[in-house]
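Per chain, numbering begins at 1; letters A, B, ... match sequence-line order. None of these values were measured; they are calculated from a predicted model.
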Amino acid sequence: MSILPDSYTQYPKRGEGYDHDLYPWSNMHQRAPVHWPHDKSVAVWLCVSLEWFPIVPDGPFKAPGHMVTPYPDYRHYTARDYGNRVGVWRMLDSFEQAGVKASFATNAAIAERYPELIEAIQTGGHEIIAHSTDMNGTIDATLGEAAERALIGDAMARIERATGTRPKGWLSIARQQSFQTLDILKDEGLTYCCDWVNDELPYRFTNGLIDLPLNHELSDRQIITVQQKGADSWGESMRDAFDWLSAEAAREGSGRMLPIHLTPYIMGLPYRIGALECLLADLASRNEAWFARGEDIVGEWEKQIEGA
Amino acid sequence: MNEGAPDPGLYDHHPYRGRPTIEWPGGKSVAVWVVPNLEYYEIDPPIHPKRKPWPHPAPSVVNFAHRDHSNRVSHWRMAEVMSKHGFPGSVSLSVALCQHHPEVVADANERGWEFFSHGIYNTRYSYDMTEAQERAIIEDSIATVEDATGQRIRGWLAPALTHTPRTLDLIAEYGLDYTCDLYHDDQVQEVEVAKGKLASIPYSLEVNDHYGFFVYNMSGREYADTLVRQYERLATEGKKSGTVMCIPLHAYLIGQPHRIGPFEEALEHIAKDGRAWIARAGEIVDAWREQVA
């Protein structure tokens with residue numbers, strides 16, 4: 001039997017607030033209320049991940065959805081790329097049909113490789129969020145600060161070059177960061193990241209960056225791929241979430257947010273896309289719904305809550 | 001327990017058929033208790049040789065932030081739904097939450113909830129603790145909760161369900177009345193301890209929201225339906241001898257916007273049914289103890 005050192009039952013960070021300084025504590029239900037434009041109470045944020053998986057996995061950890069079989073894994077390489085060739089176009093049509101705008105969390109490699117797609121996203125009035133270099137561009141504490149700065153800088157520069165615009169938002173792969181990530185993102189001039197799922201409204205980190213929480217529980221990946229539910233069960237959960245949030249917004253007199261995280265190779269399949277279109281039509285008909293891009297929500301929140 | 005023996009000697013075998021009648025107050029057939037786990041998980045805890053706290057090197061952002069959702073958003077959402085339908089909580093408390101986020105603990109206390117210890121942090125595991133270390137966490141728990149809430153803890157749910165062979169003997173020696181760590185029954189049962197008395201109250205781990213959503217992959221509605229089915233069966237069987245149903249919860253799971261609505265419907269069903277004695281852990285253990293003493 002091993003013996004635990006005395007330090008195992010000592011607690012040097014046991015005190016008021018968190019055991020870290022990344023952001024201060026606050027209770028969402030006691031904050032100053034936020035009111036979305038046009039008297040809408042629930043901001044519906046569609047966020048689509050555009051992911052290119054190199055057939056040879058690399059990086060500090062393997063991204064969710066990455067290659068599975070021994071090299072060469074044609075099965076997963078092509079099934080993921082299906083999303084970039086077919087699924088995402090289907091989604092763009094669905095958004096246009098519903099008259100809604102979305103954010104696209106985009107790997108630099110996607111921006112460089114698929115200019116027609118970037119043009120369609122921009123023409124459609126959607127937002128591009130930076131989503132690392134490619135799906136090997138994962139970040140964790142083992143990467144080291146210099147390599148992490150280089151990775152994030154490279155992703156930002158390549159996305160800006162390929163799209164003509166420097167993104168305001170950042171989504172890390174698997175939402176995983178190191179203790180340096182927030183500062184690096186701030187230094188790169190980003191306004192917000194989407195990685196911290198501890199809240200349901202924007203809030204500010206200690207260093208000034210904003211978190212726009214992209215709830216991982218409400219993603220097609222979590223519900224369909226991990227929990228193995230059908231597309232209709234996913235749609236039912238999204239409606240249940242919307243119904244709860246709109247009732248809570250009315251009760252508490254403050255706006256709420258419903259993030260819907262979509263993956264083209266998951267929700268863009270022929271037998272699932274109907275569930276998305278049905279949900280969009282339903283939510284678009286609700287008086288409480290404000291379909292907004294990430295930057296719109298962050299901008300509105302900054303303006304109202306911080307008088308920016 | 002019998003350390004090292006194949007049968008740990010936690011309790012006598014006691015078949016479900018033919019047991020003495022347990023009667024709950026008001027002629028109710030099933031005692032229903034709700035356990036919100038109010039927890040603090042450290043972002044970068046010391047590493048225990050037998051269990052990693054997080055799947056990534058710190059910070060494991062999604063895992064830490066998911067649990068933090070309880071203390072910023074979903075605790076109040078869950079607590080309001082419970083209060084609305086008349087369910088008090090019996091809190092499984094990471095006692096360091098009294099220091100980190102006293103606002104959460106105060107809210108639970110103001111609602112009349114009972115507190116028992118779930119260790120100091122849910123990221124410190126008890127395996128291999130010395131007796132002195134284990135006594136220290138029990139004494140810390142008693143003192144911390146008393147200081148923060150005025151309540152003397154009566155029960156224990158081991159931090160992250162991690163034990164030593166002496167845990168049950170020690171908590172009985174300190175005068176605690178119940179453990180939530182044994183999952184062998186749907187009724188309150190006696191536990192074998194070296195000194196004093198200790199009851200096992202069913203914590204119904206199989207209907208824990210974590211099991212529902214992350215072991216059995218249920219949707220919010222499927223989980224709510226599971227609670228109703230569990231309740232219906234135990235309420236029926238409890239006519240012979242009072243049964244216990246626990247609803248173990250984590251706000252960051254049940255308080256998510258897509259799950260809380262169906263959960264509220266399950267609570268409403270139980271509250272309106274008429275066969276449930278909705279109670280706190282201490283009351284259930286006391287009512288049982290009076291009948292078996």
Side-chain angles (χ1 to χ4, degrees), chain A residues 1-9 11 13-20 22 25-29 60-61 140-142 172 174-179 181 195-201 203 213 215-218 223 226-229 233 236-245 247-248 256 258, chain B residues 40 42-46 48-50 55-62 64-77 80 96 99-104 120-121 124-125 127-130 133-134 136-137 140 213-214 217-222 252-253 256-262 264:
Chain A
M1 182 172 127
S2 60
I3 298 292
L4 292 173
D6 285 344
S7 61
Y8 196 75
T9 45
Y11 318 103
K13 294 189 174 169
R14 185 176 178 181
E16 180 137 16
Y18 290 105
D19 59 338
H20 62 74
L22 301 172
W25 178 82
S26 121
N27 170 359
M28 184 183 77
H29 306 277
F61 65 91
D140 73 18
T142 64
S172 299
R175 299 168 175 74
Q176 175 63 18
Q177 302 188 347
S178 75
F179 281 115
T181 307
D195 297 337
W196 291 74
V197 295
N198 54 355
D199 213 297
E200 294 183 11
L201 285 172
Y203 68 89
N215 192 324
H216 68 302
E217 288 252 57
L218 297 172
I223 293 175
V226 178
Q227 296 182 315
Q228 309 261 300
K229 314 312 287 185
S233 176
E236 182 181 74
S237 284
M238 295 303 113
R239 282 183 186 81
D240 285 343
F242 185 90
D243 289 343
W244 179 270
L245 291 169
E248 186 173 285
R256 291 288 179 258
L258 175 64
Chain B
Y40 195 94
E42 295 160 284
I43 199 164
D44 192 10
H48 192 291
K50 290 191 175 163
H56 307 94
S60 187
V61 173
V62 166
F64 178 86
H66 196 199
R67 286 155 183 82
D68 187 27
H69 187 276
S70 287
N71 296 326
R72 298 172 70 89
V73 178
S74 44
H75 163 73
W76 292 270
R77 195 177 273 160
E80 278 300 309
Q99 280 85 34
H100 288 289
H101 302 310
E103 300 86 351
V104 178
I120 312 299
Y121 288 106
R124 303 276 179 138
Y125 310 126
Y127 307 125
D128 295 343
M129 281 190 181
T130 62
Q133 285 173 320
E134 199 165 10
I137 68 170
D140 184 328
F213 302 127
F214 290 96
N217 290 322
M218 294 175 191
S219 69
R221 291 192 187 197
E222 287 165 343
Y252 70 91
L253 301 177
Q256 292 288 340
H258 57 316
R259 298 190 179 121
I260 188 74
E264 179 170 10

Checklist entry - Looking at OG of A/Ser178 and NE2 of B/His56, how far apart are the two atoms once the value is rounded to the nearest 0.5 Å? => result 12.5 Å
Next on the checklist: Counting the benzene-type ring for Trp, do A/Trp244 and B/His258 have ring centres under 6.0 Å apart?
Outcome noted: no
Checklist entry - At a heavy-atom separation under 4.5 Å, does A/Tyr203 approach chain B through its side chain, its backbone, both, or neither? => result side chain
Next on the checklist: Quick one, B/Phe64 and A/His20 - any side-chain contact, counting heavy atoms below 4.5 Å?
Outcome noted: yes
Checklist entry - Hey, does A/Glu217 have a side-chain heavy atom less than 4.5 Å from the side chain of B/Leu253? => result yes
Checklist entry - Using non-hydrogen atoms only, which part of A/Ser7 is less than 4.5 Å away from chain B: side chain, backbone, both, or neither? => result backbone
Item to check | Expected output: side-chain A/Gln176 to main-chain B/Pro59 donor-acceptor under 3.5 Å | outcome: yes
Next on the checklist: Please tell me whether A/Tyr18 and B/His100 form a close aromatic pair, meaning their ring centres lie under 6.0 Å apart.
Outcome noted: no
Checklist entry - Does the side chain of A/Leu4 come within less than 4.5 Å of B/Met129's, by heavy atoms? => result yes
Item to check | Heavy-atom closest contact (A/Val197 atom, B/His66 atom, distance) | outcome: CG2-N, 3.7 Å
Item to check | Derivation and outcome, side chain to side chain donor-acceptor pair (under 3.5 Å), residues B/Gln256 and A/Asn215 | outcome: CA-CA 9 Å; B/Gln256 292 288 340; A/Asn215 192 324; 2.8 Å; yes
Checklist entry - Quick one: what part of B/Arg259 sits under 4.5 Å from any heavy atom of chain A, side chain, backbone, both or neither? => result side chain
Item to check | Side chain, backbone, both or neither of B/Ala136 within contact of chain A (heavy atoms, under 4.5 Å) | outcome: neither
Item to check | Non-hydrogen side-chain atoms of B/His69 and A/Glu200 separated by less than 4.5 Å | outcome: yes
Item to check | Residue part contacting chain B, namely of A/Leu22, when any heavy atom lies under 4.5 Å | outcome: side chain
Item to check | Check: B/Tyr252/A/Asn198 side-chain N/O donor and acceptor closer than 3.5 Å | outcome: no
Checklist entry - Would A/Lys13 and B/Glu42 pass as an ion pair if we require N to O under 4.0 Å? => result no
